[in-house]
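Here is the structure we will look at.
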Number of protein chains: 2
Amino acid sequence: MTAEVKAVTTPASPPLTERQEARRRRILHASAQLASRGGFDAVQMREVAEAAGVALGTLYRYFPSKVHLLVATMQDQLQHMHTTLRKRPPAGDEPAARVAETLMRAFRALQREPQLADAMVRALTFADRSVSPEVDTVSRLTTAIILDAMGLEHPPTAEQLSAVRVIEHTWHSALITWLSGRASIAQVKIDIEMVCRLIDLTSPGKSPEKS
Amino acid sequence: MTAEVKAVTTPASPPLTERQEARRRRILHASAQLASRGGFDAVQMREVAEAAGVALGTLYRYFPSKVHLLVATMQDQLQHMHTTLRKRPPAGDEPAARVAETLMRAFRALQREPQLADAMVRALTFADRSVSPEVDTVSRLTTAIILDAMGLEHPPTAEQLSAVRVIEHTWHSALITWLSGRASIAQVKIDIEMVCRLIDLTSPGKSPEKS
DNA sequence: ATCAAGTCTGAAACTTGTTCTACATTATCC
DNA sequence: GGATAATGTAGAACAAGTTTCAGACTTGAT
């Protein structure tokens, strides 16, 4: 439990009342529910509103677009996953192995709800500038998960952060190719393990070579 | 010019007549034109049809959805880029350096038409299963470009292909983060260079270490 | 030249994300 | 408790992707 992670939760601009918090929660739940059924397309704003017992206008007040909604849903799910993963840290000896294990574990979790994963990931990559802050939060959460898995003793170097970003890139993109049926899970595993080698490459005082 | 690349062009199911080929071309041109202006949102099917001098129904016969259209547009642009890049191969000594240089060159080309890039990349990552074949073609084209840049003397090993896939993942995902304003070009450069190290790592008879 | 099959056109219809409006409910402040 | 501003509701309206259809035009074979 080294390298403390500073609260990656939402910035929480205006404090919400209890009823509002409950509405928000109902909406996110409805969103995840519908997404689990039929993926991105099945999350229809009117249906979400109805399932959450909320007027369409209200839904849009809470989440200004479908993409915002789904990205928030992803935040939510990632939050869960992060706490779950923390309970059982990966077992590998090397940081690279631990990260690969963690990611594959996350991957298998997503596999259990492929439609939900589809909806969230599609929203994430489809998001335009207006969703940047939210997407950024997701990105920070992912980074936190990976750094956690690395179990560093010191704060990460700039190089290591770059490696983590590359791992994230690979993770997202591999997820997409899997979701759209263009890559098998075995393939994803290979690629994840491949990219995790960058961790060894960037851990200080390890590689004997250097230009 | 080693490691011959087998024609990555379209499979061309039914041979098109001349007028049809012309229509297809007009459509793609209109699509790119509109995309250059306002990105993904500006490519409106009715407008594309009008600009191409074609009925809406015809547009849909040629490209069954907006995403199909934009992915085809990307194929087209990549085709261009590939031939352009081949004219001036990258200059670096090491394969990794050559690949990084090539990708950054491609990156700068996209920078010149950021809106077009936005439209194409968003379509690509938003594509669902129904567009898999087309997305796959784009992927093979990208792979071809990277393998070309590596300038291998032998056919690539399985490990190298995995590294190339990871590079592609990084390339796409980095592109997205840049397009949505969440990463600077400098950052993209760093990450591309980072991931290209995997090439050294996987070139046979190079790395002195091995578990 | 003619017929049949396939293709293209123009226009309307349908779907779903998003916006808007008029009114009801709730929260806050005095 | 009552004024008032913010929030929520119901439902219409709008925008853009997609589908549909009747009729006109091409094409290819005979």
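Chain letters run A, B, ... following the sequence lines, proteins first, then strands; residues in each count from 1.
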Next item on the list: Measure the angle between the two terminal helix axes of the helix from C/dA1-D/dT30 to C/dC30-D/dG1, five base pairs each, and quote it to 10°.
Entry: 20°
Next item on the list: Return yes if some donor-acceptor pair links the side-chain N/O of A/Thr202 with the main-chain N/O of A/Ile199 below 3.5 Å, else return no.
Entry: yes
Notebook entry, point to check: Can you tell me how far C1' of D/dT19 sits from NE2 of B/His68, to the nearest Å?
Noted result: 16 Å
Note to self: For A/Glu193, is there an ion pair with A/Lys189 - N to carboxylate O distance below 4.0 angstrom?
What the structure shows: yes
Check: Between the side chains of B/Ser180 and B/Arg182, does any donor sit under 3.5 Å from an acceptor?
Finding: yes
Next item on the list: By nearest nucleotide on DNA chain D, pick out whichever of B/Pro64 and B/Arg19 is the more 5' one.
Entry: B/Pro64
Notebook entry, point to check: Can you check whether B/Ala32's main-chain N or O pairs, donor with acceptor, with B/Ser36's side chain at less than 3.5 Å?
Noted result: yes
Check: What does A/Val43 touch in the nucleic acid at a heavy-atom separation under 4.0 angstrom: a base, only the sugar-phosphate, or nothing?
Finding: sugar-phosphate
Margin query: Donor-acceptor check, side chain of A/Arg37 to backbone of A/Val43, threshold 3.5 angstrom: yes or no?
Written below: no
Margin query: Expressed as a whole number of angstroms, how long is the span from A/Tyr60:OH to D/dA13:P?
Written below: 18 Å
Check: Between A/Gln44 (CD) and C/dT18 (P), how many Å, whole number?
Finding: 12 Å
Item checked: Atom pair distance, as rounded to whole Å: CD in B/Glu18 and C1' in D/dG28 -> 17 Å
Check: Quick one: is the NZ or CZ of A/Lys66 closer than 6.0 Å to the six-membered ring centre of A/Phe40, and within 45° of its axis?
Finding: yes
Notebook entry, point to check: Which whole-number value in Å describes the distance from B/Lys66 NZ to D/dA16 C1'?
Noted result: 8 Å
Notebook entry, point to check: Do A/Leu28 and A/Leu69 come close enough that some side-chain heavy atom pair is under 4.5 Å?
Noted result: yes
Next item on the list: With the side chain of A/Arg46 defined as its heavy atoms from C-beta on, choose the nearest nucleotide among C/dT19, D/dT18, D/dA13.
Entry: D/dA13
Checklist line | Minimum heavy-atom distance A/Met120-A/Gln77, with the two atoms named | finding: SD-CG, 3.6 Å
Notebook entry, point to check: Atom CZ of B/Phe40 to atom P of D/dA16: distance rounded to whole Å?
Noted result: 13 Å
Item checked: Residue among B/His169, B/Glu168, B/Arg165, B/His172 satisfying side chain to side chain donor-acceptor pair (under 3.5 Å) with A/Ser173 -> B/His169
Check: What is the distance from CZ of B/Phe126 to C1' of D/dG17, rounded to the nearest Å?
Finding: 11 Å
Margin query: If I take atom CG in residue A/Asp41 and atom P in nucleotide D/dT18, what distance separates them, rounded to the nearest angstrom?
Written below: 10 Å
Margin query: Can you build the contact string for nucleotides 5-11 of chain D? Use B for base contact, S for sugar-phosphate-only contact, and - for no protein heavy atom under 4.0 Å.
Written below: --SSB--
